[in-house]
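Below, chains carry the letters A, B, ... as their sequence lines are ordered, and counting in each starts from 1.
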Amino acid sequence: MLKGYSDNEFYEETMVLFNQMKSRDVRPNCFTFPFVIKSCKMLLALGEGKKVHCFVIKSGFEMNRFISIAMIDMYSTVGAVKLAHQVFDGMPERNIVAWTAIISGYILSADIKNARRLFEITPDRDVIIWNIMISGYISNGDMVTARKLFNEMPNRDLMAFNTILIGYFNNENFEEGEKFFDEMTEKNVFSWNGLIGGYARKGRFSEVLGAFKRMLKESSDIPPNDATLVSVLTACSRLGALALGKWVHVYAVDNGYKQNIYVGNGLIDMYSKCGNIENAIEVFNCMNSKDLITWNSIIGGLAMHGRGNDALIIFDQMRNANKKPDGITFVGVLCACTHMGLTEKGFSYFNLMTEDYSIVPEIEHFGCMADLLARAGFLNEAVDYIRKMPIQADAVIWSALLGACRTYRNIQLAEIALEKLIELEPKNPANYIMLSNIYKDMGRWEDVARLKVAMKETGVRKPTGCSLIEVNDGVTEFYSLDEKHPQREEIYRVLNGLVELLKSPSYDSGIDELEEGYVY
DNA sequence: CTAGGGTTAG
C-alpha cells in the first residue's frame with residue numbers, strides 16, 4: 001500500500017498511512033522505510049523526516065544500507081547536508097550508491113569543494129558518479145573543470161557526452177557546443193534535444209528551427225520526442241511561425257503525442273502567441289488531463305487575445321474542477337479584467353488571490369493592478385497605488401502608466417513617469433520616444449525637439465524596429481524604414497495600401513465591441 | 001516490497 005502511494009506520487013497519503021500504521025503498533029520492517037523517507041523528501045518535510053529518522057533508530061534499522069541511503073538523499077534534498085553527512089559517516093559499509101548520494105547532496109547545496117573532496121576518495125568510481133561530478137561543475141558554471149574531468153574520465157558513455165554538450169549551451173558557449181556536437185560520433189534523442197533545447201533556453205529561436213530541420217534530415221533514425229517538440233513549439237511561438245507550429249501539431253498527433261501534457265501545453269501557447277486562439281481552445285478541449293500549466297496557458301492566451309470573458313469563464317471552470325490556481329494564473333485573470341476595463345472585478349480577484357488562496361502578490365500582480373486603474377482612466381489613483389504598494393515599482397509598471405498617459409493625454413503624469421523611468425533605466429530610448437509621442441499627439445513640437453536632444457545626450461540609439469513573418473519555409477525579418485530591402489517597392493506599395501484601407505470609412509475595426517475604458 | 005545520472009511547458 002505504501003509503495004502504491006509512493007510510486008504514484010501520493011506522498012501525503014503515504015505519510016498518513018504510515019502514521020496510522022504506527023498508531024496501531026504495526027511494526028515496520030526494512031522495506032517499509034524507503035517509501036516513507038522518499039515521501040518526506042518529496043514533500044520537503046524536514047521535521048517529518050527527522051521523526052522518521054528517530055523511528056528508524058528505535059526500530060533497530062539504523063544500520064540498514066537502503067534506509068541510510070534514502071535518508072542521505074532526503075536530507076540532501078531538503079537542504080540539510082550536514083545531517084546527510086552524519087548518516088553517511090554512521091554507515092558501517094558504504095557502497096557506490098551511498099557515495100553518490102552524499103556527493104549529490106554537496107553539489108545540490110553548491111558546495112562543490114566538499115563534493116570533489118569526497119569524489120577523490122570514493123573507491124571504485126563508476127560512470128554515474130563521474131557524470132554527477134561533471135554536471136556538478138556545470139551547474140556551478142565551471143565548464144573548464146567539467147571538461148577537464150570529462151577528459152580524464154575512463155569510460156565515457158553517451159550520457160557523459162550529452163552532459164558536456166548541454167553544459168556548453170547552458171554556459172552560452174555556442175561555438176564550443178556546436179563543435180562538440182558535430183564531433184560526437186554517436187547521438188541519441190537527448191543529444192539532439194541538448195542542441196535544440198539549448199538554443200531554445202537561450203532565446204536563439206531561428207537556430208532552434210534550423211537544428212530541428214537538421215535533425216529530421218540527418219537523423220531519421222532518431223525521431224523527435226515530446227521534449228523536442230516542446231522546444232520547437234517555444235521557438236514557433238516566439239517567431240510567429242504558425243505554419244511550422246501546425247506541422248508540429250500534425251506530427252504530434254501522428255506520433256502518439258496527442259495526449260502528452262507537455263506537448264499539449266506547448267501547442268496551446270504556440271497557437272495563442274501565433275494569433276490563433278481558436279486552435280488553442282481546440283487543443284485545450286481535447287486534452288484529457290490538464291495540469292496547472294494547461295489552465296494558465298489558456299487563461300493567459302484568452303486574456304492576451306482580448307477575450308477576457310472567456311478567460312474568466314475558464315478560470316471558474318478551473319476552480320470548479322478543484323484545481324488550485326497559482327500566482328501566474330492570477331496574472332492571466334487580472335490581465336483579463338484589465339483588458340475589459342473591469343476595475344472593481346479586478347480588485348476582487350486580487351483579494352481572492354491573497355485571502356482565499358494565500359498567494360503572496362508579487363510585482364507583476366501589483367503591476368496588473370496599476371495597469372488596471374490606469375487603462376480605465378483612473379490615472380491619479382494608479383499613481384497613488386504605485387506609491388503605496390509594498391514593493392518598489394519597476395520600469396514595466398511605470399511604462400504601463402506612461403502608455404495610459406498617452407491614451408488619456410495626461411502630460412503631467414507622463415512627465416512624472418518618464419522621470420522615474422530615467423532613474424530606473426537611463427539608457428532605454430523607448431521611454432523618451434513614448435513621451436515624445438505624447439507631445440506629438442498634442443502638437444507640442446518644441447517639447448518633441450527638446451526630448452530628441454535629451455535622447456541624443458544619453459548616447460544610446462533606439463534599435464531599429466523589427467518584425468518577423470513566416471515566408472514559405474522560413475522566417476524573414478523586416479526592419480522599420482528599411483530602404484535597402486530588395487523588394488522595397490513592392491513592400492511599401494502593399495503597406496501604403498493597407499494604411500489607406502485602415503483609414504477608409506468602410507473599414508470596421510471592431511472597436512465598437514470593446515468595453516468602456518478604452519479610448520482610441 | 002527498498003538505493004544513485006540527462007532534455008521539455010505557463
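Closest to the A:N225 side chain, of the nucleotides B:dT7, B:dC1, B:dA9, is B:dT7. Checked against B:dC1, B:dA9, B:dA3, the side chain of A:F66 finds its nearest nucleotide in B:dA3. Relative to the side chain of A:P34, the nucleotides B:dT7, B:dG4, B:dT2 differ in distance, and B:dT2 lies closest. For A:A227, counting side-chain heavy atoms from C-beta on, the closest listed nucleotide (B:dT8, B:dG6, B:dA3) is B:dT8. Candidate nucleotides B:dT8, B:dG4, B:dT2 were compared by shortest atom distance to the side chain of A:S231, and B:dT8 ranks first. Closest contact between the side chain of A:K3 and the listed nucleotides B:dT2, B:dT8, B:dA3 involves B:dT2.
Using a 4.0 Å heavy-atom cutoff across all strands shown, A:F35 reaches sugar-phosphate atoms only and no base atom. Residue A:N162 is in base contact, counting any heavy-atom pair closer than 4.0 Å across all strands shown. Residue contacts shown for A:S297 are limited to sugar-phosphate atoms, with no base heavy atom under 4.0 Å away. Counting any heavy atom pair closer than 4.0 Å across all strands shown, A:I299 reaches no nucleic acid atom. Among the atoms of the strands shown, none is found under 4.0 Å from any heavy atom of A:L233. Counting any heavy atom pair closer than 4.0 Å across all strands shown, A:N95 reaches a base atom. Heavy atoms of A:D157 sit under 4.0 angstrom from at least one base atom.
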Would you please test A:E176 and A:N171 for side-chain contact (heavy atoms from CB on, under 4.5 Å) and show each step?
CA-CA 10 Å; A:E176 281 299 318; A:N171 288 291; over 6 Å; no

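Residues satisfying the ring pair (Phe, Tyr, Trp, His ring centres under 6.0 Å) test with A:Y106, not counting sequence neighbours, are A:H85.
Nucleotide B:dG6 holds its P atom 20 Å from the OH atom of A:Y168, rounded to whole Å. Rounded to an integer number of Å, the gap from CZ of A:F169 to P of B:dT7 is 15 Å. Between A:M159 atom CE and B:dT7 atom C1' there is a gap of 10 Å when expressed in whole angstrom units. The CH2 atom of A:W295 sits 16 Å away from the C1' atom of B:dA9 (whole-angstrom rounding). Whole-Å rounding puts the A:I107 CD1 to B:dG4 P distance at 16 Å. Here the C1' atom of nucleotide B:dT7 and the CG atom of A:N265 are 16 Å apart, to the nearest Å. Going from atom CD1 of A:I166 over to atom C1' of B:dG6 covers 5 Å, rounded to whole Å. Rounded to whole angstrom, the span from the CG atom of A:L17 across to the P atom of B:dC1 amounts to 19 Å.
For residues 183-214 of chain A, proximity to DNA chain B is found at A:N188, A:F190, A:N193, A:R201, defined as any non-hydrogen atom under 4.0 angstrom from a strand atom.
Remark: the A:S76 side chain and the A:D73 side chain contain no N/O donor-acceptor pair separated by less than 3.5 Å.
Residue side chain A:D126 reaches the base of B:dG4 through a donor-acceptor N/O pair under 3.5 Å, judged by distance alone.
Between A:D182 and A:R214, at least one side-chain N (NZ, or NE/NH1/NH2) sits under 4.0 Å from a carboxylate O, which counts as a salt bridge. Classification of A:E120 and A:R116 as a salt-bridged pair holds, one side-chain N sitting under 4.0 Å from a carboxylate O.
Of all the heavy atoms in A:R65 and A:M91, the pair that sits closest is CG-CE, 3.7 Å.
Residues A:K290 and A:I298 form no side-chain contact, since every pair of their non-hydrogen atoms from C-beta on lies 4.5 Å or further apart.
Note on A:K38: every side-chain N or O is 4.0 Å or more away from OP1 and OP2 of B:dA3.
If you take CZ on A:R238 and CZ on A:F205, they are separated by 4.0 Å, rounding to the nearest 0.5 Å.
Here A:F31 does not count as stacked on B:dT2, because the ring centres are not under 5.5 angstrom apart with planes under 30°.
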